[in-house]
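Have a look at the structure below, then the notes.
In the text below, chain A, chain B and the rest are named by the order of the sequence lines, each starting its count at 1. Not measured: the values here are computed from a predicted model.
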Amino acid sequence: MREYNFAEAEKKWQEIWGETGVFHAENGSDKPKYYCLVEFPYPSGNGLHVGHPRSYTALDIVARKKRLQGYNVLYPMGWDAFGLPTENFAIKNHIHPELVTKKNVARFKSQLQSIGFSFDWSREVNTTDPGYYKWTQWIFLQLYKKGLAYKKEMPVNWCTSCKCVLANEEVVDGVCERCGSQVIRKVKSQWMLKITEYADRLVDDLDSVDYIERVKTQQRNWIGRSYGAEVDFSTSAGDKLTVYTTRADTLFGVTYMVLSPEHAYIDKWLASGAIGNAGDVAAYRAEAAKKSDFERTELNKDKTGVRLDGVTAINPANGVAVPIFISDYVLTSYGTGAVMGVPAHDSRDWDFAKKFGLDIIEVVSGSDVPVTEKCYTDVADGILVNSDFLNGLNVADAKEKIASWLSEKGLGRRKTNFKLRDWVFSRQRYWGEPIPMVRCEKCGWVPLDESELPLKLPMVDSYEPTDNGESPLAKLTDWVNTTCPCCGGAAQRETDTMPQWAGSSWYFLRYCDPHNSDALASKEALEYWTPVDWYNGGMEHTTLHLLYSRFWHKFLYDIGVVPTSEPYAKRTSHGMILGEDGEKMSKSRGNVVNPDDVVAQYGADTLRLYEMFIGDFEKTAPWSTSSIKGCKRFTERYWALGDMLCDGGVRPEMEGKFHRTIKKVTSDIDSLKANTAIAALMSLLNDIYASGKVTREELKIFTLLLNPFAPHVTEELYEECGFGKGISYDKWPEYDESKCAESTVEIAVQVNGKIKARLDVAADIDEAGALAAAKADGAVAAAIEGKTIVKELYVKGRLVNIVVR
RNA sequence: GCGCCUGUGGUGGAAUUGGCAGACACGCAAGAUUUAGGAUCUUGUGCUCCGGCGUGCAGGUUCGACCCCUGUCAGGCGCACCA
C-alpha cells in the first residue's frame with residue numbers, strides 16, 4: 001500500500017507550478033481569453049480567514065477547468081492594502097503602516113500559496129505601491145478635469161472612533177460600517193465625486209450584465225430612482241413653493257403642505273415676520289437639529305410637527321389654500337425638502353393628518369373602506385374622482401395628463417429623483433492615497449500636473465488621527481507647503497487622503513498589464529482582457545466597491561480609456577462560513593477556524609474539497625470539523641486507486657457512468673455547484689471500488705475531473721502513473737451525449753398516484769410497452785382488479801400512473 | 001411596516017424545475033481486520049403500531065406537489081418616513 005504524504009506532495013507541486021509558470025496568463029495570445037476575478041483581500045493582521053478560500057477555491061476551479069479547455073486564463077491576486085485597521089495597528093504598536101502592510105502581505109501570500117490557488121503571481125498588485133497608486137491619483141485628476149470631482153462644504157457622516165468622514169454607503173444602521181461606532185453629523189469641506197451623474201446608467205446597465213438578482217435589486221434600491229413631477233405651489237407669503245411627488249395624479253387631494261425643518265423658506269419667513277408662532281417653530285427646529293438623521297428616520301414613527309401660523313399654500317390645480325407645517329418626516333436632502341400632503345392616498349400623510357385633524361379628501365376611488373378609516377395607496381385599479389379634468393381616468397393616465405397640464409401651464413415639470421448621493425471622497429487619515437490637489441490663494445484648487453505623479457505619501461513618525469477633523473498630514477508643514485502649479489506662488493497641498501475604496505475601484509484593470517509605467521494598462525491589454533468574465537465577491541460590497549467600481553469604469557469608458565462600459569460581465573456571491581456553533585466567527589466567541597491549521601492537519605486538497613462540498617455556494621454554512629473527514633477519506637480513497645490500477649480503456653460497463661459524470665462535473669462547475677460535482681465524483685469512485693479495479697484510461701479521466709478541486713493529489717498520481725508531462729498540459733475530458741443514456745431504467749408504477757411497483761425496463765420502451773409491463777406486475781394487477789381504468793399516463797423513462805375508479 | 005429569500009432524516013445537504021423524496025457526505029449500528037484503541041473495509045440506517053405516514057403548519061389546484069396557488073408560523077437578508 002502506497003502512502004500519500006500530502007504535506008510533501010503539496011509543497012512539491014506548489015514549487016513546480018511556481019517555477020514552470022504554468023498559470024501565467026499571456027498577453028497577446030491567439031487563444032480565447034477568460035478572466036476570472038475574486039476580490040483581492042485586505043491583508044489584515046489576523047491572517048487569512050476560512051471565508052477567503054471559499055471564494056478563491058470556487059473560481060480557482062473555474063480557472064483550472066477553463067485552462068484545460070484551452071482558454072488563456074487570467075486569474076490574478078493582489079492586495080487592497082490601504083486602510084484603517086493597518087493604520088490603527090501601526091499606531092498602537094508604533095510600527096509604520098508600510099512595514100505592517102509588508103508583513104501582513106507576506107503572511108497572506110504564503111497562506112494563499114499553501115492552498116494551491118492557480119493565481120498568476122507575476123501580476124500581483126498592491127494598492128499602496130506608488131507605481132500603483134500613481135494611476136489611482138491619475139484617475140482622480142481625470143475626474144477633476146471633467147468636473148466630476150469637486151470640493152464642497154456640507155454636512156457629512158463623521159465616525160467618532162475612526163475620526164474620519166464616511167461615505168453614505170459606509171454608514172449602516174446609523175453606525176460605522178467598519179467599526180460599529182456612532183456616526184454624527186459634521187459640517188466639513190470635502191472632496192466629492194459626482195456618482196449621481198451616472199445614476200441613470202448605473203441602473204439601466206444592470207440589464208446588460210449577468211449578476212445574481214439580489215445584487216441587482218440591492219443596487220437599484222440604493223440608487224433609488226423614482227419618476228414623478230415637481231409641482232409649484234404659490235404661498236400667501238409670496239414665494240413659490242416647489243414640491244416633488246410621484247403621485248401628481250392626487251394633486252386635487254392635497255389638504256396641507258409640509259416643509260423639512262431645515263427648509264430655507266423658514267429662515268426667510270421667520271425673518272420677515274410672516275410666521276405668527278415663531279417661538280414654537282424655532283423650538284421645533286432646535287429639537288429636530290439635535291437628533292441625528294438616524295434618529296429622525298429610524299425611531300420617529302410617530303409624526304410630530306408644527307403648523308406655520310399665518311402662511312398658506314395655494315394648490316395650483318384648484319386654487320384652494322391649505323396650511324403649511326414643518327415636520328422632521330420630510331428630509332431636506334431628498335427632492336425639494338418639501339412635500340404636498342395627500343392623506344387619503346399616502347400612509348405617512350394619513351398618519352400626519354389624523355394626528356393634526358386635517359381633512360382627508362378621496363381622489364382615487366376603489367377602496368373597500370372609507371379613506372377616513374384607512375388610506376388607499378393602490379395604483380393599479382383606482383379611478384380618479386373629485387379631480388375635475390382627471391375624473392374617470394386610471395392612475396397611470398392621470399399621472400400623464402396632470403404632468404402635461406402642469407408643464408403647459410408652467411406650474412410644474414416631470415422629474416426623476418434618486419436616493420443616491422454624491423460620493424464623499426476625502427478621509428482624514430494617513431494610510432491612504434494623497435489627493436493630488438493644491439490650494440492656491442490666487443488660483444483656488446489646482447490639480448497637480450500628471451508628470452508629478454505619483455504624489456507619494458510622506459514618511460512620518462506620527463500619523464494619529466486628530467479630534468479636530470484634520471488629516472495627520474496637515475502637521476507636515478514641509479510637505480504641505482508647496483508652490484502653485486498654475487501661478488508658481490505659495491500654495492498648500494490637500495492633506496486629506498482617498499478612501500479605501502479608491503484603489504479597489506480599478507484594480508482589475510491593472511492586472512491586465514501590471515508593470516506598465518506609461519498608462520494604467522495598455523490599450524491592447526484592455527481590449528483583450530476586459531470585461532472580467534466572472535467576478536465573485538461578498539454581498540457586503542454590493543453598494544460599496546461594486547457600485548463605485550462600476551462608476552469609475554463607466555467614467556474611464558467615457559474618456560476612452562477602457563473599451564467596455566461595464567467592468568464585470570458576471571457577478572456571483574459566496575455565502576459566509578460560520579463557526580461550528582452557527583455563529584459568525586469571531587475572536588471573542590472563540591469559534592475562529594484558522595485555515596493554516598486545517599491545511600496542516602488535513603492538507604490543502606481536503607480544505608478545498610470541504611469548502612466546496614459544505615453546501616450551496618451562495619448560502620451561509622457552519623463549519624463542521626467532522627465533515628472534513630469525509631473529504632479527507634475521499635482524497636485517500638482516490639489515491640488508493642493507484643493500487644487497483646490495470647491496463648485498458650474505459651470498461652463497457654463503466655462507460656455510461658463516466659460520460660454522465662463528465663457531463664455533470666463540467667456543467668456543475670459552470671453553474672457554481674461544486675458540491676454536487678464532488679458528490680458525482682464520490683459516487684463514481686464508489687462504483688469503481690465496487691468493481692474492484694480501475695483501468696488506466698478510467699483513472700486518467702477521473703484524475704482530470706478531480707484536478708480543479710484537488711490539484712495536488714491529482715498531479716501526484718498523474719505523475720506516478722506516467723500519464724504525461726503534467727496535468728496543465730493535458731485536456732479536459734469530453735463526453736458523448738449518446739453514451740450518457742442507460743440501456744435500462746427503473747420506472748415507478750403508480751395506481752391513483754400511489755407507488756405500487758418499480759420495474760426495470762428498456763430505456764427506449766414505448767408507452768404501450770410500459771403500460772403492458774406495468775399491468776403484468778402482480779401488485780399493480782391486484783390494485784386495479786375490478787376497477788374501471790379512467791386514465792393511463794406514461795412519463796418517458798420515469799413512471800406509469802394508472803388512474804382507476 | 002414594505003420587499004425578497006429560506007424552512008427537507010440525528011447532522012450538512014441532494015432532487016434533471018410538476019413525475020420513484022432523502023443523491024453524496026457526516027454520525028450511528030453490526031460484522032471483518034487489529035493484542036487493544038485508532039485507521040481501513042463490508043453491510044445497514046427517514047418514521048412506523050408494518051396498514052401506512054412523511055419536505056415548518058393549514059387549505060387548494062392536479063392523475064401526480066419539496067416544486068404551482070391562498071393563508072399562516074419561524075429564521076435570514078435588503079429597504080426603511082425617499083413624498
Side-chain angles (χ1 to χ4, degrees), chain A residues 1 172-173 213-215 217-222 224-226 228 231 243-248 250 258 260 294 296-303 327-331 333-342 345-349 351-352 377 417-421 539 542-543 575 609-610 613-616 618-631 633-634 636-637 640 664 667 673 675-686 689-690 745-759 790-805:
Chain A
M1 177 83 182
V172 178
D173 290 338
E213 207 49 44
R214 58 198 171 122
V215 168
T217 312
Q218 228 169 294
Q219 290 209 345
R220 285 192 194 105
N221 280 343
W222 186 259
R225 178 165 65 187
S226 77
V231 184
V243 299
Y244 172 72
T245 179
T246 56
R247 293 296 306 274
T250 63
V258 190
S260 70
F294 182 63
R296 275 175 60 170
T297 57
E298 193 77 5
L299 308 171
N300 214 21
K301 298 292 183 199
D302 204 23
K303 298 283 179 291
S327 173
D328 63 5
Y329 86 88
V330 176
L331 307 175
S333 56
Y334 184 79
T336 63
V339 303
M340 60 186 212
V342 186
H345 305 294
D346 180 282
S347 61
R348 294 153 305 184
D349 295 349
D351 291 344
F352 192 83
T377 55
N417 257 328
F418 297 91
K419 288 198 240 180
L420 185 70
R421 302 271 80 97
M539 280 307 288
T542 302
T543 53
L609 282 165
Y610 172 65
F613 191 61
I614 194 167
D616 188 326
E618 295 195 355
K619 288 194 193 132
T620 55
W623 188 264
S624 163
T625 303
S626 63
S627 294
I628 298 177
K629 289 183 192 152
C631 294
R633 267 179 216 156
F634 174 57
E636 278 166 0
R637 275 160 64 84
K664 174 87 179 146
S667 69
K673 291 165 90 173
N675 54 335
T676 49
I678 294 168
L681 287 167
M682 287 173 166
S683 174
L684 177 57
L685 186 66
N686 289 343
Y689 264 73
V745 289
E746 191 186 65
I747 61 166
V749 182
Q750 301 179 330
V751 175
N752 287 351
K754 298 262 186 242
I755 302 281
K756 293 294 173 190
R758 293 171 216 276
L759 304 173
V790 183
K791 202 173 187 178
E792 293 172 328
L793 296 112
Y794 173 60
V795 181
K796 194 171 182 307
R798 300 206 180 275
L799 60 70
V800 165
N801 189 8
I802 301 169
V803 185
V804 296
R805 200 185 293 136

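Which of B:G78, B:C20, B:G64 sits closest to the side chain of A:N801 comes down to B:G64. Listed candidates were B:C63, B:A15, B:C79. Nearest to the side chain of A:T676 is B:A15. The side chain of A:K419 sits closest to B:C79 out of B:A83, B:C79, B:U40. Counting only heavy atoms from C-beta on, A:V803 has its side chain closest to B:C63 among B:C63, B:C41, B:C24. Distance from the side chain of A:L799 is smallest to B:G19 among B:G13, B:A25, B:G19. Here the side chain of A:A679 is nearest to one of B:C24, B:C79, B:C26, namely B:C24. Closest contact between the side chain of A:P622 and the listed nucleotides B:A14, B:G12, B:C81 involves B:G12. Nearest to the side-chain atoms of A:Y244 among the listed nucleotides B:C24, B:A83, B:A14 stands B:A83. Listed candidates were B:C20, B:C26, B:U6. Nearest to the side chain of A:K619 is B:U6. Checking B:A25, B:G19, B:A14 against the side-chain heavy atoms of A:Q750 singles out B:G19 as nearest.
Residues satisfying the side chain to side chain contact (heavy atoms under 4.5 Å, CB included) criterion with A:R214, sequence neighbours excluded, are A:I212, A:M539, A:S573, A:E618.
Backbone-only contact: A:D616 has heavy atoms under 4.0 Å from sugar-phosphate atoms and none from a base. Residue-level contact check: A:R633 touches the backbone only, with heavy atoms under 4.0 Å from sugar-phosphate atoms and none from bases. At a threshold of 4.0 angstrom between heavy atoms, the contacts of A:N675 are confined to the sugar-phosphate backbone, with no base atom among them. Here A:F613 lies in heavy-atom contact (under 4.0 Å) with a base. At the heavy-atom level, A:S226 lies under 4.0 Å from the strands shown only through sugar-phosphate atoms. Counting non-hydrogen atoms under 4.0 angstrom, A:R225 reaches nothing in the nucleic acid. Using a 4.0 Å heavy-atom criterion, one finds that A:S624 contacts no nucleic acid atom at all. When heavy atoms are screened at a 4.0 angstrom cut-off, A:K664 is found touching no nucleic acid atom at all. Residue contacts for A:I614: at a heavy-atom cut-off of 4.0 Å it reaches the sugar-phosphate backbone alone, with no base atom in range.
Counting only distance, with no hydrogens or angles, the side chain of A:Y689 and the backbone of A:R637 share a donor-acceptor pair below 3.5 Å.
The interatomic distance linking A:E213 (CD) with B:G3 (C1') rounds to 13 Å, in whole Å. We find that CG of A:N686 is positioned 10 Å from P of B:C26, with the value rounded to whole Å. Counting to the nearest Å, the P atom of B:C4 and the CG atom of A:N221 are 11 Å from each other.
In this structure, A:K303 is positioned above the aromatic face of A:Y329, its NZ or CZ under 6.0 Å from the six-membered ring centre and within 45° of the axis.
Proximity of A:S626 to the phosphate of B:U11: no side-chain N or O atom is located under 4.0 Å from OP1 or OP2.
Checked against the 6.0 Å centroid threshold, A:F418 and A:W222 do not count as a close aromatic pair.
When each of A:K629 and A:Y334 is assigned the nucleotide of RNA chain B bearing its nearest heavy atom, the one mapping closer to the 5' terminus is A:K629.
When the P atom is compared between B:G27 and B:C63, the two are found 46 Å apart, to the nearest whole Å.
Taking a pair as Watson-Crick or G-U wobble with both distances under 3.5 Å, RNA chain B forms stems of 3 or more consecutive pairs at B:1-7 with B:73-79, B:10-12 with B:24-26, B:27-32 with B:40-45, B:56-60 with B:68-72.
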